[in-house]
Every structure is written in C-alpha cells, then in structure tokens.
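Okay, so here's the structure we're looking at.
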Amino acid sequence: MISSVTKFSLSLSLFLKRMISNTPNSYSHSFVKSPISLLQTCNSMYQLNQIHSHTIKMGLSSNHLFLTRVIIFCCTNESGDVYYARKVFDEIPQPSVFIWNTMMKGYSRINCSESGVSLYKLMLFHNIKPDNFTFPFMLKGFTKDMTLKYGKMLLNHAVKHGFLDSNLFVQKGFIHLFSLSGLVDLARKIFDMGDGWEVVIWNVMLSGYNRVKRFEESKRLFIEMEKCECVSPNSVTLVLMLSVCSKSKDLDGGKYIYNKYIKEGIVEPNLKLENALIDLFSSCGEMDAARGVFDDMKTRDVISWTSIVTGFANTCRIGLARKYFDQMPERDYVSWTAMIDGYLRMNHFKEVLTLFREMQMSNVKPDEFTMVSILTACAHLGALELGEWAKTYIDKNKIKNDTFIGNALIDMYFKCGNVEKAMKIFNEMQKKDKFTWTAMIVGLANNGHGEEALTMFSNMLEASVTPDEITYIGVLCACTHVGMVTKGRNFFSNMTIQHGIKPNMTHYGCMVDLLGRAGQLKEALEVILNMPIKPNSIVWGSLLGACRIHKNVQLAEMAAKEILELEPENGAVYVLLCNIYAACKKWENLHKVRKLMMERGIKKTPGCSLMEMNGIVYEFVAGDKSHPQSKEIYAKLEKMKQELINAGYSPDTSEVFLDVGEEDKETSLYLHSEKLAIAYALISSGNGVTIRIVKNLRMCVDCHLMAKVVSKVYNRELIVRDKTRFHHFKHGLCSCNNFW
DNA sequence: TTAGGGTTAG
C-alpha cells in the first residue's frame, strides 16, 4: 500500500516533469487542473508550500480557482495555517463571498473571532453582501465576551439581510451564541420563531436557562418539549433537567425524570446521566438513593466519587465523606475542594488547613474555588498571616481573581480586624455584587465603624445593588454599635417597605439588641412581645445581654427563664445570669443558680482564645499549661501583673461568680485564655507587632480592662474578636467605647 | 447541547 506521503511525492514529480516538457501557454488548462488535484491529496502545510512555491516559480500562481483551494485547505484543514490563507487572500483582487466566508470559518477554527469580525467589516466596506453562510461561519468561534460585544449588531445585520427568518443555520447559530452567553431571552426569541427544532437546539435553550440559573424556565420549556410531538428528550436533555432539579432541590421533579425516562428504558443511562442522578440525590440529601446509583454503576469516574463525597459532607456526615474521599482511585482539584469544603461546613477549620497542605503535597493545584474555602477558614480562625499567604499564593499562581475571591478576601481581612486591607480589596474590585457590599457593611459595623457602614449602604443603593436580608442585619448591627436607635428603627421599617424583606428572627434580635444596648429595655421587651413569630433563645439572649450592661436583674430573670424553657441545657444563660447577680451583689440568687447548674450538670463553655504566630494557630484555654512555653508564659503574666498595676490597672472581679475569696477571684481572672494569649504574644513577637486574638465567648470586663492598659503600657495594638464584635485596643482605649 | 467544589449573619 502506498502511503499518502509517497503518493503525494509521486504526483508532484509527475507534475514537475510535465511542467518541464511542456510550455505553460499551450497547457495552461491542464496545468491548472494538476496542482488543484494535487492540493486534494496534500495533508500538511509543508506539502502545500511545495506546490504553492512551484506554481509561483512558474508564474502561474494567480489562478483564482487554485488560490481558492489553497485558502480552503488552510482554513478548514486541521493542519492548515489560517495566517498563510490570509496572505493569499490579500493577493486576490476581488474575492468572492465564498472566499470571504471561508476566511471567517478559518478564524473561527483558530478562535480568532475578533479577526473574523474585522474581516466581516472589511467585506461590508467592499460592498460585498453577506450570504447564508457568513453568519454561521463567523459566529462559530465566538466567546461570551465577543457575543456581548458584537452579538446584537450582527443579529441586526442578519435581520436586515433577511436571513434570520429564512435560514435555519443562521437561526441556530444565533440561538447557540446567545443562549450560551447568558443572553437567553434573545435566544428564546429566535427559538420561538421556528417550530420543529431538533433536540440539540432544545438542549441549547435548556442549557442557556441553566447557565443563568433560571431553573423554573428550564422546567417550563421541558414541559413544552414533552408536549411537542416532533421531538423527544435525549440523554443530554435528561442530564440538563436532572441538573435543574438538583440545583433547585426538586427531588420530586428529579424522580419524575428518572422514573419516566430512565427506569422505563426510554433513554439508555450513561456515565454522565448516572453522575447527574447521583448529584440530584446527593444535593437533596437522599444518600441511600445516591449510593444505590453509585453502587450499581459499571464504571465510575472522579465526578461520581466527588458527588458522593459532597453528598455526605452536605448532610453533616463528614466521617463518611472522608471515608469515600480516602477510597477514591484518583482525586482532582474539585474532589479536594469538596472535602475541604465539607470540613469548612462543619467549622473544622484546622482540618481545612491540614487537608489543604495534603492537597499541595499531592501536587494537585488548587483553583479559585479552593482558595475561597481556605480564605474562609482563615477568616474564621482570625489567621491573618495565613490569609495573607493565601492572597500571595493566588497572585503568584495567577489563580482567577474573581468576585468570590474578592468577597472572601474582604471577609477574611475584616474578620482578622484589618479594616484598611479590606477597604483596599474593595476599592480594587472590578465587579461588586451584593455579597461584596454586604461583606463591607457587616465588616465595618463589627469593627466599630458604624457610620462608614451606613455610608457604604447608601453607596450600595446608589450603585443599584439590591440588598438582601443579611445586608439589613449588617445595617442594623451598624446602628447598634454606634447607638443610633432612631435610624435603626427607620431601617427596620424601610426593609419591608422599600425592599419587600420580611424581618426574620435575626432582625428582631438586632432590634432588641439596638434598643437594649441603648438602655431602652422596656421598648426592647415590647418588640419581643409583639413579634409575629415566636421569639427564640437568641432574641431573648439579646435582652439578657442588655440586662447585663444595664444591671436589670428583674428583666434578666425573665429573659433567662424564657431561654431555659426553650433550651434547658444552655450553659451560657446560667453564666450570664450569674455574672449579673455577681455584678449586682445578689449573692443568694447567685448561689441558687450555681446550685441549679450543679444539679442539672450544666457546664460553662470553656473560654478559648486562638492566636496565630508565624503561620501557626495556637489555641489557649483557661488555665492552659499545654503550650511548650507554658512556664515562660506564666512568668510573663506575673511580671505583667505588677507592671500593669503600677500603671493604674486594678483587677475587676465584679463578674466573677466563683464561691471564693477576693484573692482567688483575681487568680481565676489571670487564668483567662485571652490573658495567656496576650502574654505569649508579648514574649514571642517583636515590639510594635499587632496582637490578634479570636475569643469564642464574650470578653469579660477584666480582660477588656487589662487589654486597654496593655495597649498603653507596652505600646501595642491589640485586636480581639470576641463572640459578637471586635475590640481594637490602642493607646489605652477600645474601639467599642466600653460598650459590648 | 450534558455531570462534581466557592463568598455575606446567627
């Protein structure tokens, strides 16, 4: 058998022999035929070059048909060089529409649609009218950006030339383009112009709705499709519809598809369809069904496994998720991220970071999804150094810096108390969504910048971004932190009037907080009593917190009673009540509650402080001696005590409710976890370095007082994030104005 | 034309 290369060489030598033995003029007709037929056997640019250069040498390269064939080869053949075609094209005096179209097809093939459009414009400039082929060829290589830039203009041209309502290929080209670029309504208009579309076009429309998350419209279109006699769903349609049901958590819809088409054998299941089924069951929490599909599969791929892992992670069965994750034959970056995210969901932040390190050891490169999870973990841990590292990693590795990343960075910086850097990220962000604005409002409010948070809110409205219920939580928090009661009340009613958001439990909690902290305890109680929904323990807890600040024993007892009826095991309530009794010197009541706690086996949640040092997150609990430098820490604490007392600090034992003498009360105060963290920070970090601590409970009055004095005596900035807010200590003052 | 992982509060 003669190979194509040999065949080509033989033809070329034959052609050359003819050229030598005949004068070109007398054989001009047969000459033209020869290289054209040669071009048909040629399959590389090298061969094409040979033919072309020989014809040029012979001065016979200007034949229109020959040049057309050269352009066709270069534009349509896989190994063809489109730029070569363009050079040839530019030499043709008056190219036909066919040649213009072929050039555009070439540009689409190599994804240079911008050049395709330029060529199209040039064609119009030369007064050449496009034909039926022009648009489908040109549109084929369009990206989303290109569609948004030129799509509508080209559609108008197609309408003007009468192709849109007469040519199926033009219609299909535009439907594809618009549907998959997010301009789904435009696509639908063209779709509705025709009837009897083939299944692929229905699928393209469904896919378009899915991409812009308009799942209800996907469902409606699918119902229409089922009614249409000329088309039947195929496996792609079912994958699309199962995806719709999965994303909209419509288990019944998904089961309908499964029972009608798959179980009945109307559509043969394949890997993607089975994966779509696993995803449906997993996202609806039906793990037995998901596992059933998974177990019955002949072949599984990384997506099948990842969907199972995600399903277990989402149903809080992190152990099972991990079991499947460990069994996976191969893991890609999505699998790792799914597992990391499972830990994040369970608030197992340290495991998040450990697994991320393992991921890096496995040489699997993280992407922007992974990094969002990492940043979120850093945010919760208050791990600024690690968060900064993650940012550098993103920049260095050119990980897509999208809105999700920006939002996660803002949140991380705020949760680590770094307001300036959060602002910087915000200002540099190209696209801002409601999450961006909400993160700013909440972040500023929690860091004590209530006024700025409210300015941010008006900027958000000016930018025509619609706030959601969480944005309003931030807005109400901002009012609480700066004590703007009237403004807060206005926002609370505007929330429903202007934005149609019905206040939920948290909003009522915010209102109770707002009024309570401002000392309007009666009004706060009225809010609770007039709520249209049954108040939960958080709402009552807000009132209880306000009672602590304003030392209102009677109301505190009422609130505590309500909470304990809802949550008899809520240890924090007993503690808060004890704090209040201690502060009001109601020793007898305090003893009663203490006794009750003992009887009911209620334990105080141990105080715990996290502090990051050199990229390691250290955890301190009250009276902790587990740290390797424990001895030095306690020695430092002892030394600090004297230095601080000399500077005017005097221990505040008012909230200590231990049944011990005054001296022991002071000792117990010294064991608080944030004090241990502060002492460790002072011995292990250089002068002037900001100390950042994350505390799991509310800071006690004494630790708060001590932190203020520390900031003055050692000239250090301290940022403590406690359960509800931030405390920025500087020069002996705190950003919360002693109100928390 | 089709399947898996991400951000805001409490």
Side-chain angles (χ1 to χ4, degrees), chain A residues 172 175-176 179-180 197-208 210-211 233-244 246-247 270-280 282-283 300-311 313-314 328 331-342 344-345 366-376 379 400 402-412 414-415 433-443 445-446 467-477 504-507 509-510 513 536-539 541-542 723-724:
Chain A
K172 285 201 282 192
I175 293 173
H176 256 99
S179 184
L180 305 181
W197 290 114
E198 64 209 83
V199 63
V200 173
I201 298 297
W202 285 88
N203 291 348
V204 168
M205 272 312 306
L206 290 173
S207 174
N210 284 9
R211 279 171 199 225
N234 65 7
S235 71
V236 176
T237 323
L238 301 191
V239 168
L240 284 162
M241 288 318 295
L242 287 174
S243 168
V244 166
S246 160
K247 303 261 161 49
N270 57 32
L271 179 64
K272 283 181 181 158
L273 196 47
E274 286 168 324
N275 283 347
L277 266 175
I278 296 179
D279 173 51
L280 166 83
S282 283
S283 66
R300 305 176 187 105
D301 66 1
V302 65
I303 295 178
S304 335
W305 283 91
T306 306
S307 299
I308 289 285
V309 169
T310 310
N314 288 348
M328 286 178 76
R331 302 179 196 102
D332 64 7
Y333 56 100
V334 180
S335 336
W336 281 96
T337 309
M339 194 61 232
I340 285 175
D341 206 54
L344 193 60
R345 207 176 275 269
D367 70 351
E368 65 273 21
F369 283 67
T370 326
M371 295 317 289
V372 164
S373 300
I374 301 308
L375 286 171
T376 308
K400 197 177 159 202
D402 63 8
T403 315
F404 282 87
I405 288 278
N407 295 346
L409 275 170
I410 290 177
D411 183 48
M412 184 273 292
F414 272 131
K415 288 215 172 86
D433 60 11
K434 72 166 181 182
F435 292 91
T436 320
W437 292 98
T438 304
M440 287 304 292
I441 293 162
V442 172
N446 286 338
D468 67 6
E469 54 201 43
I470 297 162
T471 320
Y472 267 102
I473 292 171
V475 169
L476 295 174
C477 273
N504 65 25
M505 195 71 82
T506 317
H507 296 115
C510 286
D513 227 15
N536 68 2
S537 63
I538 296 166
V539 177
S542 295
K723 208 182 171 189
T724 55

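Letters go in sequence order (proteins before strands), and every chain restarts at 1.
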Could you check whether A/E198 pairs with A/K172 (Lys NZ or Arg NE/NH1/NH2 to Asp/Glu carboxylate O, under 4.0 Å)?
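Judged by the 4.0 Å cut-off on N to carboxylate O distance, A/E198 and A/K172 do form a salt bridge.
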Please enumerate all residues that pass salt bridge (Lys or Arg N to Asp or Glu O under 4.0 Å) together with A/D468, with sequence neighbours excluded.
A/K434
Set of residues satisfying salt bridge (Lys or Arg N to Asp or Glu O under 4.0 Å) with respect to A/K272, sequence neighbours excluded:
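Partners of A/K272 by the salt bridge (Lys or Arg N to Asp or Glu O under 4.0 Å) criterion come out as none, since no residue qualifies.
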For A/Y472, ring-ring contact (aromatic ring centres under 6.0 Å, His included) partners two or more places apart
A/F457, A/H499
Rounded to the nearest Å, what distance is computed from the [atom1] atom of residue [X] to the [atom2] atom of nucleotide [N]?
X: A/L273; N: B/dT2; atom1: CG; atom2: P; value: 14 Å
X: A/W202; N: B/dT2; atom1: CH2; atom2: P; value: 18 Å
X: A/N234; N: B/dA3; atom1: CG; atom2: P; value: 13 Å

Treating primed atoms plus P, OP1 and OP2 as sugar-phosphate and everything else as base, which nucleotides of nucleotides 4-10 of chain B get B, S or - for protein heavy atoms under 4.0 Å?
BBBBBBS
Please work out if A/L180 contacts a base, only the sugar-phosphate, or nothing of the nucleic acid, heavy-atom cut-off 4.0 Å.
sugar-phosphate
Would you classify A/R211 as touching base, sugar-phosphate or nothing, given that sugar-phosphate means primed atoms plus P, OP1 and OP2, and contacts are heavy atoms under 4.0 Å?
sugar-phosphate
Partners meeting side chain to side chain donor-acceptor pair (under 3.5 Å) with A/S537 (sequence neighbours left out)
A/E567
If the condition is side-chain contact (heavy atoms from CB on, under 4.5 Å), which residues does A/T310 pass it with, not counting sequence neighbours?
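Checked A/T310 against side-chain contact (heavy atoms from CB on, under 4.5 Å); matches are A/T306, A/N314, A/A338.
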